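To keep things clear, I will list the structure first and then write my remarks on it.
Treat the numbers as computed from the prediction; the structure is a model and nothing was measured. The sequence lines fix the lettering, A, B, ..., with proteins before strands; numbering per chain opens at 1.
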Amino acid sequence: MAEHKVLLAGTDEHDLTQLAEYRAIGGYRGVEKARAMTPDELIDELQRATLRGRGGAGFPMGRKASLIDRKSAKPKYLVVNADESEPGAFKDREVMARAPHRLIEGCLISAHAIESRDVFIYIRGEYLTEYEILTAAVEQAREAGILGDVQITVHRGAGAYICGEETAMLESLEGKRGQPRPRPPFPPIQGLYMAPTQINNVCTIATVPVILELGAEEFAKTGVPSSPGTAIFSISGNVVRPGNYELDLGTPMRELIYEHAGGVAGGRELKAVVPGGSSVPALTPDQIDVPLDYDSLGAIGTFFGAASLIVVDDRCCMVQLALRSTKFYMHESCGKCTPCRVGTRWMVQILESIENGTATHADLDLLDNIGDNILGKVLCALGEFAVYPVASYLHKWRDEFVAHIEQGGCPFHGSSSLDGILAPSDQHAQTPVGEEALV
Amino acid sequence: MSFYDEVQELRGRYPEDSRSAVLPALRLAQEKHGWLSREALEETADALEVTPAFCYSVATFYDMLHLEPVGRHTIDVCTNLPCALCGAQSVVEAFESELGIRAGETTADGEITLRAVECLGGCGYATVVAVDDRYRQHVTAETVPEIVGEIDG
Amino acid sequence: MSTELVRVTIDERDVHVPKGTGIVETALAAGVEIPVFCYEPRLGAPIGACRMCLVEVEGMPKLQTGCTLTAQDGMVVKTARTSTRAAQGQNGTLEFILVNHPLDCPVCDKGGECPLQDLTFRYGPGNTRMSFDKLTFEKPVPISPTISLDRERCILCYRCTRFSESVSEDGQLVAANRGALSVITTFEDVPYTGAFTGNVTELCPVGALLPTQYRFEGRPWEIVDVPTVCGLCPVGCNVHATVREGKVKRILSRNHPEIDEGWICDKGRFAFTHLRAEDRLTQPLQRVRRHGLEPVSWEQAVDEAERLLRGARGRIVTALSGSETVEHAYALGKLLRVGLDSHQAMLPEEISGGLDAYRLPLSAIRDADVVVVLGDVPIVERAPVVDLWIKAARRNGARVVDDANDPAVAEAERVVLVWSGPGGRGGSTVAKLAEKLGLAGREGCGAFYLPETPNGRGVADAWAACCDEEGEAVESIGLLVVSGDEAAADENVRALAEQAEATIVLSMFGGLSAGWADLVLPGTGYLERDGTFVNLEGRLQRLRRTVDPPCPDELEWIAQLAARFEVDVAPYTAAVFAEVSERVYGGLAFGEVGERAPLRGYPEAPERIGREALPEPPQKARRGEIRLVAYRPLFSGAAVERVTELQFQRPQPELELSADDARRRKIATGDLVTVGSNGSAITLPARVNRRLRAGIARVALEHANGLHGVVEVAKAEAEVTA
Ligand SMILES: Cc1cc2nc3c(=O)[nH]c(=O)nc-3n(C[C@H](O)[C@H](O)[C@H](O)COP(=O)(O)O)c2cc1C
Ligand code: SF4
Ligand code: FES
C-alpha cells in the first residue's frame, strides 16, 4: 500500500509553511467549523473520532478533553508536546517543519473545545530551525487574525529528554527543573500553573483538523477500528531508505520495513526491531508481521510508543545495544525518584561488566531483578523505559549475554556495529558540582 | 535594549508571578556571555527576581545550558542508537582527528567545542551533527573535513 | 479536606477518616506505620520521590505511594505487612537507597537517631548485591559555618531543598545536575545564609546535613533531650536541649503546632554555645579602689550588695532586660519594692496589655484571609517564626497587605494584624486599630505586636504584681540595679549609671559590665533556668533547667538578700511562681503550665509599668522624604556576639532602599550612598528592595551610627570602585 498522507498532505506539492498555500489547499476551514460548534459538541465530535494520542500512551484525545475541568474559575491551558526526544523519533519535527499551520489549526480547534485561550507549544531546544518556522507561522496566523483571542506561545526546551513526560513538561514550562509530578492530581484537573490543562503530542493535535474536515465518522473508518487514522512512522537504523512514512494504522510492520524503507541495508540479516522508539521491548524477525497499531503491538508484548522503528541488523551486539540504550536513560533520568536514579546507573555498571567479560551468570539475574525493582515502582515511566528494552534483549538474546560471560568478553571481538560507541555520559569535560566519575 | 529589559519582555509573555521566563532568560544570558558564568547567573537572577541558586539549579538540569566555558562554535554529534548503528562513532573520530581534541573538549584557541550528544531527532538522516545548533544530516567521516573547513573559514 | 468521613481498609482493619486524608495518616489511624523518607507534610504537597512508602491498592495494577495517595471511600490498602508485592517493592527501594550510601554509621553523628538506619534495621536486606563503585564525593563540605553536607550520605529526598524553596522561601539550598549526578548545593561558594537554615539539619533523614557544632559531640545513648523553651526572642519556640555530661550540645525543635510548627531560627538553634563563652562570669566581681573589678566570694558579694542596697533605700532604680523569668523579676521586685521601698523600674520597651482581647495562637496567621503587616522593622529580625507563618499564609492564598485601609481588609472574614515596630506602644496602637476594624470576638481575627524582648510582658506583670504600693518617683539615683545583659548593653542604661551613685550589674558576661559597675553578680542563661516566660501571644510557657549554671541561680541570692531585709522570698521557682500566679495567672499551679502550653487568658493581670520607656510615635515621612528605620537584627546581642560560627549571619553594612526612592535618586544596588541628618552622616552601599515601601530606608542598628528618623539619602560623590 502506498503512503497515505493526511498530516503531511500537500507537503510535497506546496510550501505549507506559507499561510497562503496552506489556505489554498483548504487550510483553516476546520477552525471555522469548530468555532461554529459549542465546546460540548466539539468534544463530542472528538470523542467519536477516537483519535488516540500519538505521544506514546495512546490515550484517546477526545476523552482527555472531556476530563478538563471546564467549570474551574482558572484559565484552561492547552500544551502541545513538541519535545520529541525519544531515540528513533523524528516525526513531530517533520510536521512542524513542513506543515506548521496544520498544527496551529489543531491547536485552535482543541483550544476551542476546552475553552482555552492560552496555548503553549513546548518544543525541544535542539529544534532551532523548526522553532523558527513555527514561530513565523504563528506570527502569520496572528497577523491574519486567525488566532482570534487565543494566544499561542512557542516555548523552547533546553535539552532534557524527561521534559517530554507531561508533568515534567509542565514543571519545566513553569520555569523549574523538569521533574515529573506525582499523579493524581492529573493535568486535566490541576496542570500548568495549577489550572486545568490538556497535553497532547504534535501529531495528535495536527490530526484534529483532519477530523473536522472528514467528520468523526469518516475519520473513525480510516486505519483500524481500535486505532483510527494514519500515523507518521519514523524508521531508522539499518534500512535502505530510512525516513518518515505516513501510513494507515494497521499497516503490517513488514511492509514498512521491506517495502517503504527498502529492507535491511547492505543485504544483511534482520536481527531486531525496536518498534516504538528505543524505550520499548524489541521484536525478533519472526514477529514483524504484526499490524502497526496500538493493540496489535500491545498483544505481542511491546508498545506502539512513538511510532518509531529502529531496525537493527546482525552486526550488532545486543549487550552493546543494551548498554548504549541504558546510558541514555541514565543520562536522562531526572534524579527525582530513587529506583530510576540509582537503578539506571547500576544497570549500566552491570552491562559494562557483562560487555567487558567480568560478569558472572548471577549478574544476569541481578540485572533482571533490578529491572523488576524499577518497573512499576517509579514516579514516571522513564525508569521503565530504561528497563523494557534491556529486559527484552536479555530474554530474547540471552545466548549472546551468556556468551559474553562464558567467553570472558564480547563475542563480536570488535566487529559489532556499535563497537566503541561514545555516550555523552562518558564525556567528562563538563564537571558539574560535586561530580566524580559517573560510572 | 538592556538585558534587564529584555528579560522583562520575556516575563511579559507568561502569567504574572510565574517563573516561566527562566529558560528563555538563561538562554539569553548564555548568548550574551557565551556560557552561564557566575556573573551571568547573578544577572539573570536579578532580572527575574529569583536567587542565583535557583537559576543555577535550573541551568544544571538542562544539557543545552553551559555551566563551563564552551568554544565560540559547538559541534554536537549524535551518538544515540540510530546514528550509532549507522556509523556515528566514525564521525566522532573523524572530528576528533580533524580538530585534534577529544569529544567533550574545546580546541586550544577556544574556537570549537566537540561533543557527543544524545538523540537529536534526525535518526532517519544519520549521522546527525548540529553545528551551532543547525543540523547537518547524513554526515560521514568523509564529509567531516568540509564541515570543519566551513567553520574555520 | 472535607469533613465527609470515608471508610478505608488498611491491612484488613477498617478506619474512618475525613475524605482526602493522606494514606500515611490513614494507616497511622489504623495503627499501621508506612515507612517514609521524602514525605513531610510540613513541606507542602507530597512529591513521591523516594518510593519508600509503596503500598498495594485494590483495583490499581501498580503499587502506589502512600504519601501521595488520599483516602477515598471503600479503598482497600495493603502495606508491606500484608502484601508481598508491597514488601518486595519496599525492599527493592531500600536496596536502591543503600546502593550509594556509605554505611559509615559508626562515625556518623546521626547514628542511633537516623531514620535510614532504623528502617534498614527493620526492613532492609542483610547484605548488598552492589559490587561496583559507589558514587563518591568530597566529604563533608561546609555549606555554611554552621552546617556541613556529606553528599555521599544524601539520599536525595529533597526535604532540605523543599524547605528552602517553600517554607523559608530563601531559595538558596537547591538541587543541581540531573539523574545520578544530582546533588544538593548552594550557589557557588556562597554559604547558606538566613534566619532558618538550621532546620534542614533536622529535616534530613540521614546524616548528610549536620550541624557543625555537634560534629562528634555525642552519641544517642550518652545524651538526654530536655524539653524547654527558647529564650532569645518573644516567640518562645519550644525546643529540646541535647545535654551530655552537663553541657548543652545542641538545640532541637520541639514542635508546638500553634507556635512554631517545629521550625526554629538559627539564633535559637546555634547561639547556645554562648553559655560557655570565654568571658562568662562565674564569680562575682567587686570594684576595688585603683584596682578595678576583682573577683570576690559569694558571701562577700552578698554582703556588699546588702550594703549598697541599704545605703540607697528608696532611691534605687532597676533596669530590667525583659529576659528575666517571671520568677526572677518577681523576686527581685519584691526585694526592692517591699524590702527597700524602691518602685521605679524601666524596661527597654513599653509593654501593654491592650491586645489581650485580640489574642490568637500564631498558627492562626496561616489560616487568615488577610494579614496586615504594619511597621517597618523586618518581622524576621524581631520574631523570626512569625515570618514563616506569614509566608505560609501567603502560600495558602492569603493577601498580605501593609495598609489597614486596604479594601481587602473590609471584605475578608479572617483578618490578622501584625505590628512590627518601631513604635506601637507595646501593642496598644495595634489594639486600637483592631478595635476600629471590629475584630474583637470575630473567629480567626486577632492582632499581634512583636516586642523586642523575649519576656517583657511576663517581667512587667511580675514586677507589677509583687507589691501593692506605687511609691514615688526617684529624684536622685542612689543605686542602679541593672538586671541582665540586654539592659547592661543598653546605652540609656549606661547613661543612667553615670548619674547613679553606685551600680550593681547582673550579667552573664564580663565584657559588658567591666569598668562601670561597682558590683557584678554573675547571671544565668535561659537554658540554665527553671521558670516561666510569657511570649508575644501572651502564652505562659515553662523554661526548664537543662544544665546547671556555673554560678548560683538568681533566686538563691535574691532570697538570701531578701531575708536580710525581712522580705519573704522562697529560693524555689515553684513557690515563687505560686505567689505570682495567685495574683496574675489565676492560681495556676507551676506543674500545670504544661510541656506544650496552651494559650490561656489571665484576666486578673494588674496594671503595667514601663511608661518611662514610651517611644515617640513615628512621624510619617512627607513626600520624597526618607525615614530611616534602624532595626535590631536577629543576629545581634550578647549571645550571638559570642558564637564564632554565627558571625557570618550578621547583617551586611548596607542601606536598604525602596525601588521608588532608589529610582528617584538614580541609585542602584551596590552604589555607595551617604545617609545623613543633623550634620552626621554615614556612607554605605545601597541595596534596592522592591518590597520595601517608599519613604522608608532600613539599616541594621549596628551600622546606623546613631542615625534614625528623617534622613537625607544621596549617591556618594566619589565612588570607590576598582
Ligand atoms: C520519559 C517520557 C518521555 C516522553 N516524551 C514524550 C515526547 O517527547 N513527546 C510526546 O509527545 N510524548 C512524550 N511522552 C508522553 C507524554 O507524557 C504524554 O503521554 C503525551 O504527551 C500525551 O500526548 P498524547 O495523548 O497526544 O499522546 C513521554 C513520556 C515519558 C514518560
Ligand atoms: S522515573 Fe526517572 S525520570 Fe521519572 S521521576 Fe523517577 S527519576 Fe525522574
Ligand atoms: S515517602 Fe512516599 S515517596 Fe517518599
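Residue A/Tyr245 does not touch chain B at all, counting heavy-atom pairs closer than 4.5 Å. For A/Ala89, the part lying near chain B is the backbone, with the side chain staying farther off; criterion is any non-hydrogen pair under 4.5 Å. For chain B, no part of A/Val274 is nearby; none of its heavy atoms comes within less than 4.5 Å. Of the atoms belonging to B/Ala130, not a single heavy atom falls under 4.5 Å from chain A. Using a 4.5 Å cut-off between heavy atoms, A/Cys334 contacts chain B through both its backbone and its side chain. Contacts between A/Leu321 and chain B at a heavy-atom distance below 4.5 Å involve backbone atoms as well as side-chain atoms. Using a 4.5 Å cut-off between heavy atoms, A/Arg93 touches chain B through its side chain atoms alone. If you measure heavy-atom distances from A/Arg241 to chain B, you find no contacts under 4.5 Å at all. Of the atoms belonging to A/Glu132, it is side-chain heavy atoms, and not backbone ones, that fall under 4.5 Å from chain B. Looking at B/Gln137, the atoms closer than 4.5 Å to chain A (heavy atoms on both sides) all sit in the side chain, from C-beta outward. Heavy-atom distances place both the backbone and the side chain of A/Phe328 under 4.5 Å from chain B. Only the side chain of B/Val92 comes within less than 4.5 Å of a heavy atom in chain A; its backbone stays farther off.
Scanning both residues, A/Arg177 and B/Val58, for their nearest heavy atoms gives CG-CA, 4.0 Å. Across all their heavy atoms, A/Leu422 and B/Thr79 have their closest contact at O-OG1, 2.5 Å. Taking both residues in full, the closest heavy atoms of B/Asp63 and A/Glu332 are given as OD2-OE2, 3.9 Å, listed atom of the first, atom of the second, then distance. Between A/Pro87 and B/Cys119, the shortest heavy-atom contact is CA-SG, 3.6 Å. Minimum interatomic distance between B/Gln89 and A/Asp419 (heavy atoms only, all atoms of both residues): CG-O, 4.2 Å.
Inter-residue side-chain proximity for A/Tyr193 and B/Ser20 is flagged as met; some heavy-atom pair is nearer than 4.5 Å. Contact check for B/Leu23 versus A/Arg156: no side-chain heavy atoms found under the 4.5 Å cut-off. The side-chain heavy atoms of B/Phe61 and A/Gln179, taken from C-beta on, include a pair separated by under 4.5 Å.
With respect to chain B, the highest number of heavy-atom pairs below 4.5 Å among A/Glu126, A/Glu94, A/Glu86 belongs to A/Glu126. Chain B forms the most heavy-atom pairs under 4.5 Å with one residue out of A/Ala160, A/Gly88, A/Ser417, A/Gly237, and that residue is A/Gly88. When B/Val22, B/Asn80, B/Leu48 are compared by the number of non-hydrogen pairs under 4.5 Å with chain A, B/Asn80 comes out ahead.
Residues passing the salt bridge (charged side-chain N to carboxylate O under 4.0 Å, His left out) test with B/Arg27: none are found, sequence neighbours excluded.
Between B/Arg19 and A/Glu171 there is no salt bridge, since no side-chain N of the basic residue sits under 4.0 Å from a carboxylate O of the acidic one.
With rounding to the nearest 0.5 Å, the separation of CG in B/Asp133 from OH in A/Tyr127 is 13.5 Å. In this structure, CG in B/Leu81 is found 6.5 Å from CG in A/Leu418, a value given to the nearest 0.5 Å. Rounded to the nearest 0.5 angstrom, B/Leu85 CG and A/Ile421 CD1 are separated by 8.5 Å.
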Side-chain polar contacts of residues 120-127 of chain B - donor-acceptor pairs under 3.5 angstrom, sequence neighbours left out - could you list them?
none

Would A/Lys327 and B/Glu118 count as a salt bridge (Lys or Arg N to Asp or Glu O under 4.0 Å) here? Give the steps. CA-CA 10 Å; A/Lys327 278 186 182 173; B/Glu118 294 296 7; over 6 Å; no

Do A/Thr153 and B/Tyr14 pass the side chain to side chain donor-acceptor pair (under 3.5 Å) test, and can you show the C-alpha distance, the side-chain angles, and the key distance before you say yes or no? CA-CA 9 Å; A/Thr153 309; B/Tyr14 301 93; over 6 Å; no

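Residue pairs meeting the salt bridge (Lys or Arg N to Asp or Glu O under 4.0 Å) criterion with at least one partner in residues 73-100 of chain B, sequence neighbours excluded, are B/Asp76-B/Arg115, B/Glu96-B/Arg102.
Using a distance-only test at 3.5 Å, with no hydrogens or angles considered, no donor-acceptor pair links the side chain of B/Ser18 to the main chain of A/Glu174.
Of all residues in residues 116-125 of chain A, those placing a non-hydrogen atom less than 4.5 angstrom from a non-hydrogen atom of chain B are A/Phe120, A/Tyr122, A/Arg124, A/Gly125.
Side-chain atoms of B/Tyr62 and A/Ser172 form a donor-acceptor pair, as typed in the model, at a separation below 3.5 Å.
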